[in-house]
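To start, the structure itself, in structure tokens.
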Amino acid sequence: MTGSLIQSAIVIGAGSGIGRSTALALAAGGARVRVVGRHAAPLERVRQDAPDPQAVSVSALDATDGPAMDRLIREVDPDLVVVSAGARARLALVHEQTWDSFSEPWNIDVKMSFQIGQSALSKPLRPGSRVILVSSGAGLGGSPLSGGYAGAKRMQMFLAGYLQRSADAARLGIRFVAVVPKQLLAGTELGTEAADAYAALAGVTREKYMERFPVPLGADGVAQAIVKIAHGEVASDASIIGVSGAAGIEALS
């Protein structure tokens, strides 16, 4: 698929943030895009905002439902799957977490990535197809205010490599990649919420805390990176790819 256009894509978690921006970017590039999420209303807004609404279709379902996602992948037959959905981590120190809140990112983010990766292998997707798991820089440096979130995001990075090993062993020609935004995303609800929480923990203002990221990165910037990676334009051999405002796109592993 290097150098060619994406014909058909599934974007999971397309109702907001990186998923929404990625779906719109893919649609603008001429792809047919199936947008997936738990709630139909935000997905319908994505469809309406696309350059060609007829090129975007909506599936409101729980992407942790393995059989439902397996059926969807077989129905759509995509050459790109982007997993950008996940749990909204409870922002609290570890002694304030419950096991349920601590483990939720594992039971949602990791479970979803695991099951969708298995579906891609068992179908299998066509040679040249790509599966992109949107992870987080929390998986590189930790995230003391979000329970098991950082560990779950690190596991998504490992999963990309494990799935790639299985794809290579079967000579399927499928590429699995974990994309890692390495900083809090400007202009997003989750980024603002996390910045407020970590600023409070550090005893500074949000603006002061965000100075550690001198070049902002937003959802659109990550989406642009995802599209380039999907087209094979950058870091074509890496299984973990970082994205930041200052360094841009960089192979991490």
Side-chain angles (χ1 to χ4, degrees), residues 12-22 37-39 42 62-64 82-114 132-160 178-223 225-226 240-247 249-250 252-253:
I12 300 159
S16 63
I18 294 170
R20 172 185 167 85
S21 292
T22 300
R38 293 186 183 223
H39 305 292
D62 181 355
T64 64
V82 179
V83 181
S84 185
R88 188 161 187 154
R90 179 186 179 192
L91 292 172
L93 292 168
V94 66
H95 69 280
E96 300 170 314
Q97 301 276 352
T98 65
W99 177 246
D100 285 344
S101 67
F102 186 93
S103 62
E104 188 177 24
W106 286 81
N107 293 325
I108 295 180
D109 303 44
V110 177
K111 180 182 179 181
M112 191 184 309
S113 298
F114 171 79
I132 295 178
L133 311 177
V134 179
S135 181
S136 167
L140 299 173
S143 180
L145 278 179
S146 55
Y149 177 81
K153 291 302 172 183
R154 184 62 179 170
M155 189 66 234
Q156 285 182 305
M157 300 181 214
F158 287 135
L159 262 178
V179 171
V180 184
K182 295 176 67 179
Q183 63 192 74
L184 294 179
L185 298 185
T188 66
E189 182 180 350
L190 290 178
T192 299
E193 183 180 352
D196 284 342
Y198 277 98
L201 185 66
V204 298
T205 65
R206 182 206 305 164
E207 292 73 21
K208 183 67 176 177
Y209 183 82
M210 291 297 287
E211 287 179 2
R212 66 189 59 205
F213 310 120
V215 181
L217 177 68
D220 288 348
V222 180
I226 288 171
I240 305 173
I241 300 176
V243 184
S244 64
I249 302 169
E250 56 182 331
L252 301 180
S253 174

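Numbers for residues simply follow the sequence, beginning at 1.
Of the possible polar contacts, one joining the Tyr198 side chain to the Leu145 backbone as a donor-acceptor pair under 3.5 Å is found. Between the Thr64 side chain and the Met112 main chain, no donor and acceptor come within less than 3.5 Å of each other. Looking at Asp220, its side chain never comes within 3.5 Å of a backbone N or O of Ser21 through a donor-acceptor pair. Checking side-chain atoms of Gln183 against main-chain N and O of Ala246 turns up no donor-acceptor pair under 3.5 Å. Looking only at distances, no side-chain donor or acceptor of Ser101 sits under 3.5 Å from a matching main-chain atom of Gln97. The backbone N or O of Ser113 sits nowhere less than 3.5 Å from a side-chain atom of Gln156 that would complete a donor-acceptor pair.
Atom-to-atom distance recorded for Leu190:CG and Ile18:CD1 is 9.5 Å, nearest 0.5 angstrom. Atom CD1 of residue Ile108 and atom OH of residue Tyr149 lie 12.0 Å apart, to the nearest 0.5 angstrom. Here the straight-line distance linking atom NZ of Lys153 with atom CE of Met155 works out to 12.5 Å at 0.5 Å rounding. Interatomic distance, CZ of Arg90 versus CD of Glu96, reported as 6.5 Å (0.5 Å rounding). Taken to the nearest 0.5 Å, the OG1 atom of Thr192 stands 5.0 Å off from the CZ atom of Arg206. Between Ile132 atom CD1 and Ile226 atom CD1 the span is 6.0 Å, to the nearest 0.5 Å.
Scanning all heavy atoms of the two residues, the minimum distance from Leu184 to Ala194 falls at CD2-CB, 3.9 Å. Nearest heavy atom pair, residue Gly15 against residue Pro42, reads O-CB, 3.7 Å. Contact record, Leu252 with Lys182: CD2-NZ, 4.3 Å, taken as the closest heavy-atom pair. Closest non-hydrogen pair, Pro216 versus Ala186, comes out as CB-CB, 4.2 Å.
Neither side chain, Asp100 nor Thr98, offers a donor N or O lying under 3.5 Å from an acceptor on the other.
The 12-atom threshold is not exceeded at CZ of Phe114, counting heavy atoms of other residues, nucleotides or ligands nearer than 6.0 Å. Around CD of Glu193, the count of heavy atoms belonging to other residues, nucleotides or ligands within 6.0 Å exceeds 12.
Evaluated for a side-chain contact (heavy atoms from CB on, under 4.5 Å) with Val180, the options Ile240, Ile241, Val243 yield exactly one hit, Ile240.
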